Each structure stands twice: as C-alpha cells, then as structure tokens.
K.L.:
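If you scroll down you'll find the structure; I have some questions about it.
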Amino acid sequence: MKRTLLSFAFLLSALMATAQDACLNDVVNTLKDRISLAGYAQVGYTYDDADGASNTFDIKRVIFMAQGKITDRWTCYFMYSFANTGKILEAYTEYKFLPQLTARIGQFKTMYTIENPMSPCYVELINCYSQSVNYLAGINGSDPLYGSSSGRDMGLLIYGDLFGKLVNYNFALMNGQGINLKDKNNQKDIVGNLMVNPLDWLSVGGSFVKGKGCAVATSSLNPDIQTGDNYTRNRWSAGAVIKTKPVDVRTEYLAGKDGHVKSDGYYVTASAHVFPKFDVIASYDYFNKSKVLDDKQTNYVVGLQYWFYPKCRVQAQYTYCNRHIGDNSNLLQAQLQVRF
C-alpha cells in the first residue's frame with residue numbers, strides 16, 4: 001500500500017511539474033508574440049571651434065523601446081531615454097478602427113514637418129534635424145520660449161492612409177507644452193500633416209501647427225514675451241521626399257510666428273548610395289530666427305556613412321557654419337550607432 005501511495009505521489013508530482021512547465025511555456029510564448037523590445041545607442045566624437053576650440057567624446061542617445069499588442073487592433077508603446085538625465089520620451093496607446101483610421105492618445109512625436117517624426121536611427125545627419133526643425137518643433141531648446149521637448153507633446157492624434165496609400169494624413173489636438181508636463185494654459189495646439197504619394201519614389205505635402213504657447217523662459221528675439229506669458233505660436237511647412245536606388249533627397253521650407261516675430265528656413269539633404277551599404281551625405285541648411293533682426297545662419301554639411309550591420313552604422317561629417325551675426329565656425333563629428 002505504501003509503495004502504491006509513493007508511486008501515485010511521484011506520478012502526481014511529475015504531472016504537476018509538466019503542467020507548470022507547459023503553462024510557463026505558454027506564458028513565455030504569449031509574451032514573445034505580444035511584446036517586442038528594441039533599443040539603440042549613438043556615441044561619438046565632436047570637434048567645434050565656435051567660441052573657442054573644443055573637442056569631446058559624447059553619448060548622444062541611449063534609447064529603449066517596448067511595444068505591446070493587446071489585441072489585433074489595440075496596441076501600446078513606451079520609449080525611454082537613458083542618456084544624460086533619464087526621461088520618458090513616449091508613452092501612448094492606439095486603436096485601429098479602420099484601415100483608414102487609427103486613434104492615438106498619450107505622449108508622442110508632434111506630426112509637424114517631414115523630419116520631426118523621423119527616428120534619429122535613420123536621419124542622415126549626426127546633428128539629426130535641420131536648424132529650422134530643431135527650433136520650430138521645439139526639439140533641442142534653441143527656442144528658449146518653447147524649451148527642449150524633443151519634438152514631442154501630449155495629446156490625441158488620428159491618422160491613416162487614404163485611396164490605396166495615395167494620401168497619408170495626421171490630425172492632432174495637443175497641449176503645446178512639451179513632454180512630461182501638464183498644459184500651462186487653456187489653449188490647445190491644432191496640428192495637421194498631409195502627404196500625397198503620386199509616384200512610388202515621390203511624396204509631397206505640408207504641415208501646420210496653430211496654437212498658443214506658454215513661455216518657459218525669456219528670449220532675446222522676443223523681448224516683449226516674459227516667462228509664463230501666453231503668446232501666438234504658429235508654424236507651417238511644405239516639402240517633398242524623393243527615394244530612388246541611387247539617391248534619396250528630402251527638402252522642406254518652414255515658417256513660424258512667435259508673437260510678432262517671424263522666422264523661416266529651408267533645407268535640402270541628399271544621400272547618394274555609391275556602394276552597397278556606403279552613402280555620401282550632403283546638406284544645405286538655412287534658417288533665419290528673426291526676420292526683424294536678420295539673425296540667420298547657413299550650414300553646409302558633407303559626410304560619409306557605412307551600414308556595417310542591419311540598422312548599425314558609422315558616420316563622419318564636416319559642417320561649415322556661416323553666420324550672419326557672429327563668427328563663422330567649423331564642426332567635425334564622428335558617430336557610431338548600434339541597434340537591436
């Protein structure tokens with residue numbers, strides 16, 4: 001009898017262990033199917049002779065991303081930056097009602113300009129975005145009134161493709177205050193973006209932002225606006241993207257109005273695929289922060305990049321900065337990007 005009981009207990013334990021293993025495998029497989037993780041790092045070297053020569057090794061970005069698939073139509077997304085001071089970059093959920101209509105709510109990239117929604121993993125320039133996009137989209141804090149928001153904001157977005165992907169649209173209602181902050185006024189930004197794809201290799205379109213900003217600091221370009229003041233902050237852009245096997249070209253004209261001060265800029269960036277995995281980069285980048293003060297600068301960029309592994313590359317670039325106010329300068333940069 002004792003031997004029978006021991007045998008039964010042993011069999012029961014084996015069955016329970018097998019069931020637990022099967023359950024654990026189911027959970028692991030479910031997570032693998034529904035959660036995807038990714039990340040990348042960009043590190044490099046910079047030499048800059050503006051305001052006295054300086055050189056440094058630096059960490060530009062260390063990003064972690066996670067996407068969860070709740071249902072076939074419902075997903076969530078999270079992005080965190082570990083570089084410098086850690087912060088949440090994006091956190092949102094979205095639901096696909098129709099092939100032509102998806103709604104997103106949370107914190108994400110503002111769909112203004114062609115460049116701003118692009119990931120730094122694929123932008124050709126080591127400094128990433130043009131002067132005008134950095135300033136007008138509030139990416140790097142070059143506009144003190146807007147601050148540094150990495151081109152992101154909190155709000156509600158609807159987007160989709162129409163007419164067999166002939167037209168792509170984005171329409172959003174945003175706080176206008178930037179990331180990880182509540183709105184500091186009762187005004188919301190209205191953001192629109194429309195791109196038309198008449199050919200496989202050509203996209204043309206434009207975008208706009210209409211709203212009221214709440215100044216986070218003062219700016220010498222807008223002495224009448226004080227910290228905490230609400231002010232008119234409108235932007236618009238128009239541009240085109242050309243993608244062919246030998247060359248990619250992206251160009252755009254941008255304009256903005258902060259209070260009574262108007263600014264505008266233009267850029268064209270080209271990437272010539274001269275060899276497999278090897279590109280020659282060139283860019284012309286003009287921006288006038290204030291048409292009243294004529295505070296303008298033109299950057300001329302040339303460089304190389306080599307994709308030594310999928311999504312991984314090494315870059316080297318030279319930038320000549322031609323300033324209307326102040327001395328001209330030279331910028332030499334190298335960058336290594338790894339991504340998983």
Side-chain angles (χ1 to χ4, degrees), residues 109-118 128-155 157 169-179 181 183-195 204-240 250-268 284-299 323-326:
K109 281 284 189 81
T110 302
M111 297 301 169
Y112 167 63
T113 77
I114 294 171
E115 275 197 340
N116 187 46
M118 295 177 64
C128 272
Y129 309 106
S130 66
Q131 299 176 86
S132 48
V133 174
N134 275 322
Y135 187 93
L136 296 174
I139 293 177
N140 65 352
S142 52
D143 176 10
L145 298 179
Y146 202 164
S148 178
S149 66
S150 71
R152 295 172 170 87
D153 200 1
M154 296 184 187
L157 166 73
Y169 75 91
N170 294 268
F171 186 79
L173 193 65
M174 313 289 285
N175 278 344
Q177 201 61 54
I179 62 172
L181 292 171
D183 201 350
K184 293 184 178 181
N185 58 31
N186 292 323
Q187 306 294 323
K188 296 293 179 286
D189 284 5
I190 300 173
V191 183
N193 184 309
L194 186 71
M195 295 297 292
V204 294
S207 62
F208 72 89
V209 180
K210 182 173 179 58
K212 290 277 188 179
C214 180
V216 299
T218 58
S219 171
S220 59
L221 301 176
N222 294 269
D224 296 333
I225 301 174
Q226 302 301 310
T227 303
D229 287 353
N230 294 327
Y231 65 98
T232 298
R233 188 173 65 208
N234 296 331
R235 282 97 170 83
W236 68 274
S237 71
R250 181 175 64 258
T251 184
E252 203 166 11
Y253 173 81
L254 304 91
K257 183 179 181 181
D258 298 296
H260 300 293
V261 176
K262 295 182 179 180
S263 55
D264 70 347
Y266 171 80
Y267 72 86
V268 55
Y284 172 87
D285 177 13
Y286 163 85
F287 182 53
N288 190 344
K289 292 183 180 179
S290 170
K291 291 187 174 182
V292 175
L293 300 176
D294 206 23
D295 187 359
K296 58 189 178 183
Q297 177 175 325
T298 304
N299 290 344
R323 295 179 174 86
H324 183 70
I325 299 176

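Predicted model only: the values in this text are computed from it and were never measured.
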K.L.:
Could you tell me which residues satisfy salt bridge (charged side-chain N to carboxylate O under 4.0 Å, His left out) with Arg250, sequence neighbours excluded, listed by chain and number?
P.N.:
Glu115, Glu124
K.L.:
Answer yes or no: is there a side-chain heavy-atom contact under 4.5 Å between His324 and Asp295?
P.N.:
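Heavy-atom side-chain distance check fails, nothing below 4.5 Å.
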K.L.:
Scan Leu157, Val209, Val191 and name whichever one has a side-chain contact (heavy atoms from CB on, under 4.5 Å) with Met174.
P.N.:
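When side-chain contact (heavy atoms from CB on, under 4.5 Å) is applied between Met174 and each of Leu157, Val209, Val191, only Val191 qualifies.
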K.L.:
Indicate the atoms forming the closest heavy-atom contact of Asp294 with Ile325, along with that distance.
P.N.:
O-CD1, 4.0 Å
K.L.:
Please identify each residue that fulfils side chain to side chain contact (heavy atoms under 4.5 Å, CB included) with Leu181, with sequence neighbours left out.
P.N.:
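Checked Leu181 against side chain to side chain contact (heavy atoms under 4.5 Å, CB included); matches are Gln177.
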K.L.:
Taking all heavy atoms of Ala215 and all of Tyr231, pick out the closest pair and write down the distance.
P.N.:
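Nearest heavy atoms, Ala215 then Tyr231: N-CE2, 3.7 Å.
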K.L.:
What pairs with Tyr267 under ring-ring contact (aromatic ring centres under 6.0 Å, His included), at least two apart in sequence or on another chain?
P.N.:
none
K.L.:
For Asn234 and Phe208: C-alpha separation, side-chain torsions, deciding distance, then whether side chain to side chain contact (heavy atoms under 4.5 Å, CB included) applies.
P.N.:
CA-CA 8 Å; Asn234 296 331; Phe208 72 89; over 6 Å; no
K.L.:
For the CG atom of Asn140 and the SG atom of Cys128, what is their distance to the nearest 0.5 Å?
P.N.:
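Answer rounded to 0.5 Å: 10.5 Å.
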K.L.:
Excluding sequence neighbours, so at least two apart, what forms ring-ring contact (aromatic ring centres under 6.0 Å, His included) with Tyr253?
P.N.:
Trp236
K.L.:
For Val261 and Lys289, which heavy atoms make the closest approach, and how far apart are they?
P.N.:
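Smallest heavy-atom distance, with atoms named: CG1-O, 4.2 Å.
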K.L.:
Just to verify, what does Lys109 make a salt bridge (charged side-chain N to carboxylate O under 4.0 Å, His left out) with, not counting sequence neighbours?
P.N.:
none
K.L.:
I need the minimum non-hydrogen distance between Ala217 and Leu145, along with the two atoms involved.
P.N.:
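So the minimum-distance heavy-atom pair works out to O-CD2, 3.1 Å.
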K.L.:
Keeping the roles fixed (side chain from Asn170, backbone from Met111), state whether a donor-acceptor pair exists under 3.5 Å.
P.N.:
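Checking the backbone N and O of Met111 against the side chain of Asn170, no donor-acceptor pair under 3.5 Å is found.
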K.L.:
Excluding sequence neighbours, so at least two apart, what forms ring-ring contact (aromatic ring centres under 6.0 Å, His included) with Phe171?
P.N.:
none
K.L.:
To the closest 0.5 Å, what do you measure between NZ (Lys257) and NZ (Lys262)?
P.N.:
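NZ of Lys262 is found 5.5 Å from NZ of Lys257.
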K.L.:
Roughly how far, to the nearest 0.5 Å, is the OG1 atom of Thr110 from the CG atom of Asn116?
P.N.:
6.0 Å
K.L.:
Please check: side-chain N/O of Asn288 versus main-chain N/O of Ser263, any donor-acceptor pairing under 3.5 Å?
P.N.:
no
K.L.:
Just to verify, what does Arg233 make a salt bridge (charged side-chain N to carboxylate O under 4.0 Å, His left out) with, not counting sequence neighbours?
P.N.:
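With sequence neighbours excluded, Arg233 shows a salt bridge (charged side-chain N to carboxylate O under 4.0 Å, His left out) to Asp189, given in chain and number order.
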K.L.:
Using the test ring-ring contact (aromatic ring centres under 6.0 Å, His included), find all partners of Tyr146 that sit at least two apart in sequence or belong to another chain.
P.N.:
none
K.L.:
Answer yes or no: is there a donor N or O on one side and an acceptor on the other, between the side chain of Asp285 and the main chain of Gln131, under 3.5 Å?
P.N.:
yes
K.L.:
Tell me, with the steps shown, if Asp258 and Tyr135 meet side chain to side chain contact (heavy atoms under 4.5 Å, CB included).
P.N.:
CA-CA 11 Å; Asp258 298 296; Tyr135 187 93; 4.2 Å; yes
K.L.:
Using a 3.5 Å distance criterion without hydrogens, assess whether the side chain of Asn134 forms a donor-acceptor pair with backbone atoms of Tyr129.
P.N.:
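At least one qualifying donor-acceptor pair exists.
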K.L.:
Which heavy atom in Ala240 sits nearest to a heavy atom in Val204, and how many Å separate them?
P.N.:
CB-CG1, 3.7 Å
K.L.:
Could you list the residues that satisfy side-chain hydrogen bond (donor to acceptor under 3.5 Å, both in side chains) with Asn185, not counting sequence neighbours?
P.N.:
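Listed in chain order: Asn230.
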K.L.:
According to salt bridge (charged side-chain N to carboxylate O under 4.0 Å, His left out), who are the partners of Lys184, at least two apart in sequence or on a separate chain?
P.N.:
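Testing Lys184 for salt bridge (charged side-chain N to carboxylate O under 4.0 Å, His left out), a comparison that skips the adjacent residues, returns none.
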K.L.:
Give the intermediate values and the outcome of side chain to side chain contact (heavy atoms under 4.5 Å, CB included) for residues Ile114 and Met195.
P.N.:
CA-CA 9 Å; Ile114 294 171; Met195 295 297 292; 4.2 Å; yes
K.L.:
Strictly by salt bridge (charged side-chain N to carboxylate O under 4.0 Å, His left out), give each pair with a member in residues 204-215 just once, sequence neighbours left out.
P.N.:
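Salt bridge (charged side-chain N to carboxylate O under 4.0 Å, His left out) check on residues 204-215 returns no pairs.
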K.L.:
At their closest point, which heavy atom of Leu254 faces which heavy atom of Ser237, and how far apart are they?
P.N.:
CG-CB, 4.0 Å
K.L.:
Does a side chain donor of either Tyr286 or Ser132 reach within less than 3.5 Å of an acceptor in the other side chain?
P.N.:
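The criterion, which ignores hydrogens and geometry beyond distance, is not satisfied for Ser132 and Tyr286.
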K.L.:
Look up atom CD1 in Ile190 and atom CG in Leu173, then write down how far apart they are to the nearest 0.5 Å.
P.N.:
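Spacing of CD1 (Ile190) from CG (Leu173) equals 6.5 Å.
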K.L.:
Check side-chain hydrogen bond (donor to acceptor under 3.5 Å, both in side chains) between Asn175 and all other residues, then give those that pass, not counting sequence neighbours.
P.N.:
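None.
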